[in-house]
There are 2 protein chains.
Amino acid sequence: MSMVALTPRSERLLKALIEQYIVEGQPVGSRSLVKQASLEFSPATVRNIMADLEEMGLIRSPHTSAGRVPTELGYRLFVNTLLTSQPLEAVDIRDLEEQLPSHQDPQHLIEAASGLLSQVTKLAGVVRVPRRAHSGFLQLEFLNLSAHRVLVILVTQGGQVLNRVIQPKRRYSSAELQEAANMFNSAYAGRSFEEVRRSLVRALEQDSEAMQKLMRSAVEMAHEVFGESAEGDPLVVSGEANLLAFPELSDREKLKRLFDAFNAKQDLLSLLDQSMAVGGIQIFIGGESGYESLEPCSVVTAPYEVDGKIVGTLGVVGPTRMSYNRVISIVDVTARLLSGALTHHAGHGTNDA
Amino acid sequence: MSMVALTPRSERLLKALIEQYIVEGQPVGSRSLVKQASLEFSPATVRNIMADLEEMGLIRSPHTSAGRVPTELGYRLFVNTLLTSQPLEAVDIRDLEEQLPSHQDPQHLIEAASGLLSQVTKLAGVVRVPRRAHSGFLQLEFLNLSAHRVLVILVTQGGQVLNRVIQPKRRYSSAELQEAANMFNSAYAGRSFEEVRRSLVRALEQDSEAMQKLMRSAVEMAHEVFGESAEGDPLVVSGEANLLAFPELSDREKLKRLFDAFNAKQDLLSLLDQSMAVGGIQIFIGGESGYESLEPCSVVTAPYEVDGKIVGTLGVVGPTRMSYNRVISIVDVTARLLSGALTHHAGHGTNDA
DNA sequence: CTTAGCACTCCACCTTTAGGAGTGCCAGAC
DNA sequence: GTCTGGCACTCCTAAAGGTGGAGTGCTAAG
């Protein structure tokens with residue numbers, strides 16, 4: 001593991017090796033590497049260099065007499081410094097653009113983005129949906145369903161719609177509900193969710209007699225909905241089945257864990273949130289993510305924005321041996337497109353009622 | 001394949017054989033069957049009977065000298081006439097009940113039901129969500145998002161909320177939108193979706209000058225939303241990963257197809273719709289479903305109701321070798337529970353505004 | 001009609017055996 | 001020095017036997 005700097009030649013060799021391995025998925029030997037990358041030195045020389053690279057921990061042999069395979073460290077070096085990020089083909093970009101119609105509500109857009117990611121990378125796509133806390137509150141609506149069941153509809157400035165059925169203690173007439181909603185809306189429209197929430201908590205604590213009964217009920221109902229803010233299923237995953245195609249993930253045990261991770265979503269959520277905080281494209285190679293279930297995988301993420309503010313993250317999950325080159329471009333472009341599509345219509349909500 | 005009626009003895013034997021195969025998952029031979037089911041005759045006799053059963057197409061040998069395995073026909077006979085459907089354990093029922101809280105909105109209930117199915121059967125659970133066409137229309141709401149973007153919120157009598165962003169040609173003030181919604185609601189509240197749709201089509205065709213401009217816009221907007229009725233993603237699937245645990249599904253090719261089917265959902269949808277039309281518990285064994293992707297699987301479905309009307313279907317997908325016994329009970333109970341939970345609050349919507 | 005016995009079949013598992021791909025190292029060439 | 005050809009060695013893979021067990025079908029006797 002002596003950390004002598006790499007010579008240009010060994011860099012070039014490492015790059016060629018990783019690229020070949022990504023394509024073929026099998027340990028690459030000196031002879032085939034020379035041929036494939038049309039190097040001007042002999043297999044023996046390549047072997048010497050490979051030995052050095054192995055000593056540095058960048059590649060390894062699965063066993064004595066197989067070719068070499070990149071280690072996580074090798075991949076890391078590769079993506080950090082060796083990657084020639086050729087831009088996506090124009091065709092691909094057009095393809096992506098076409099399939100992300102900018103006139104849609106956020107939910108559809110997000111699902112479309114996830115589907116796109118998985119479709120064009122042939123891997124699994126994930127999108128972390130915007131957290132409500134960062135978005136503004138636009139309007140609240142109460143609606144009687146039956147005797148003791150009120151449907152609360154909450155609209156964010158982004159056009160997201162949340163709804164929940166609550167069971168208030170007493171019965172309200174539709175007129176009462178209407179009035180309550182009006183009062184609530186005029187008090188809070190346009191505020192951020194955190195603001196509204198804090199304000200609600202304060203209002204409930206005060207228990208002031210001054211507050212009208214009706215307003216108080218409205219606040220209570222609203223609080224019930226806002227209280228659930230953290231819930232929901234703010235992660236869209238698609239194309240998990242694509243991962244079945246990779247022989248390196250065929251291990252039943254690993255596969256099960258991986259799919260469970262997709263199902264539980266918890267690890268992925270943490271990972272995406274973590275990478276949202278950092279901003280910019282992030283690449284987690286193998287165990288770097290820190291989650292055992294994702295250990296045989298790499299994850300490439302990029303944040304997306306609404307009105308210049310980062311609100312979520314999207315990404316791709318695939319085997320460590322993925323075409324980082326291509327995937328990075330795709331994730332990048334998709335993030336931009338989604339940002340554009342979302343920003344386009346997240347304009348100042350007009351609530352001039 | 002001579003269709004001589006089975007003797008009681010061969011029935012009993014078939015039953016024992018299938019039950020053992022379901023548990024062990026391996027071809028069962030005469031000797032082990034005698035031991036396991038403590039039969040009072042000898043392996044040789046069993047072999048004779050087995051030969052008969054094989055001739056009838058109820059069982060088969062994977063190869064010359066393996067035990068016997070049920071055929072689809074065998075399973076069919078088994079579930080049709082041999083199944084001793086012992087009721088679920090009280091514990092299990094309580095478990096199910098607890099996890100299906102009856103005070104929830106439909107969407108949550110449905111997701112919970114799907115999760116429950118997969119969780120307690122350790123297979124994949126699916127729920128076909130109610131088709132809007134069968135439900136009533138309760139209320140429509142228009143909301144300005146930005147200059148040319150209007151959020152349309154549609155509430156069904158069941159408490160389901162649908163929303164979509166549309167882009168009308170001209171800009172409307174919030175007051176206009178409010179008025180339009182009011183007019184629309186008073187005209188259509190409580191009608192069935194099909195009625196409303198037909199009426200909308202008629203209204204648009206007439207192109208009557210008599211109709212107010214505003215009302216016309218409202219109708220157009222509403223039509224856009226109603227027109228999309230068929231869309232959406234009316235199928236909830238959970239626990240696909242559970243199927244990874246079954247060795248008989250380990251075939252990479254089959255597995256891929258199966259997961260693709262879960263992803264595309266089209267086959268499953270058709271199957272569920274088909275079984276909704278029939279009503280009652282339905283069991284599709286292997287290829288019976290008619291969908292190649294589901295060929296190595298069996299599907300058990302039951303419809304669920306709201307207010308006594310069948311509105312959807314739920315079910316379980318697993319390997320042909322599943323504990324039909326148990327799965328049927330679970331599907332049945334879950335359907336009942338879901339019906340109950342949904343019916344409980346699908347009362348007459350009060351829209352006395 | 002049932003059963004014990006027996007010959008036979010076929011798979012699953014293990015071992016063996018090549019064959020090949022690749023390495024490491026050394027000694028000579030540039 | 002650095003590169004290269006050569007060579008012995010390692011280890012995997014795939015195919016080729018070999019063995020044992022589980023199971024069957026058949027037959028002949030109870």
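Chain naming here is simple, since letters A, B, ... match the order of the sequence lines and numbering starts at 1 in each. Computed from a prediction, not measured in an experiment: that's the story for all the values here.
Scanning for side chain to side chain contact (heavy atoms under 4.5 Å, CB included) contacts around A:S61 gives A:E54, A:R68, with sequence neighbours left out. A search for side-chain hydrogen bond (donor to acceptor under 3.5 Å, both in side chains) contacts involving A:S298 returns A:Y324, not counting sequence neighbours. Partners of B:T334 by side-chain hydrogen bond (donor to acceptor under 3.5 Å, both in side chains), not counting sequence neighbours: none found. By the side chain to side chain contact (heavy atoms under 4.5 Å, CB included) test, B:Q99 is found to be paired with B:D95, B:L116, B:Q119, residues two or more places apart in sequence or in another chain being considered. In this view, B:V333 and B:L88, B:L96, B:L337 satisfy the side chain to side chain contact (heavy atoms under 4.5 Å, CB included) rule, not counting sequence neighbours. In this structure B:E40 satisfies the side-chain hydrogen bond (donor to acceptor under 3.5 Å, both in side chains) test together with B:R12, sequence neighbours excluded. With sequence neighbours excluded, no residue forms a side-chain hydrogen bond (donor to acceptor under 3.5 Å, both in side chains) with B:R257. For B:K122, there are no side chain to side chain contact (heavy atoms under 4.5 Å, CB included) partners at least two apart in sequence or on another chain.
Separating the CD1 atom of A:I59 from the C1' atom of C:dT23 is a distance of 12 Å, rounded to the nearest angstrom. Nucleotide C:dT23 holds its C1' atom 15 Å from the CG atom of A:L53, rounded to whole Å. One interatomic measurement links the two molecules: CZ of A:F41 to P of D:dC3, which rounds to 8 Å at whole-angstrom precision. At whole-Å resolution of the value, CD1 in A:I49 and C1' in C:dG24 are 15 Å apart.
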With a cut-off of 3.5 Å and sequence neighbours excluded, list every side-chain donor-acceptor pair involving residues 69-81 of chain B.
{"residue": "B:T71", "atom": "OG1", "partner": "B:G57", "partner atom": "O", "Å": "2.6"}
{"residue": "B:T71", "atom": "OG1", "partner": "B:L58", "partner atom": "O", "Å": "3.0"}
{"residue": "B:T71", "atom": "OG1", "partner": "B:L73", "partner atom": "N", "Å": "3.3"}
{"residue": "B:T71", "atom": "OG1", "partner": "B:G74", "partner atom": "N", "Å": "3.1"}
{"residue": "B:E72", "atom": "OE2", "partner": "B:G287", "partner atom": "N", "Å": "3.0"}
{"residue": "B:R76", "atom": "NE", "partner": "B:E288", "partner atom": "OE2", "Å": "3.1"}
{"residue": "B:R76", "atom": "NH1", "partner": "B:N80", "partner atom": "OD1", "Å": "3.1"}
{"residue": "B:R76", "atom": "NH2", "partner": "B:I283", "partner atom": "O", "Å": "2.6"}
{"residue": "B:R76", "atom": "NH2", "partner": "B:E288", "partner atom": "OE1", "Å": "2.5"}
{"residue": "B:T81", "atom": "OG1", "partner": "B:L77", "partner atom": "O", "Å": "3.2"}

Identify all pairs in which a protein N or O lies below 3.5 Å from an N or O of nucleotides 28-30 of chain C, and state each distance.
none

Protein proximity profile, nucleotides 20-30 of chain D - base contact B, sugar-phosphate-only contact S, no contact -, cut-off 4.0 Å on heavy atoms: --BBBB-----

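Rotation axes derived from the C1' atoms of the five outermost pairs at either end of the helix from C:dC1-D:dG30 to C:dC30-D:dG1 lie 20° apart, to the nearest 10°.
Here A:K15 pairs with A:E19 in a salt bridge; the nearest charged N to carboxylate O distance falls below 4.0 Å.
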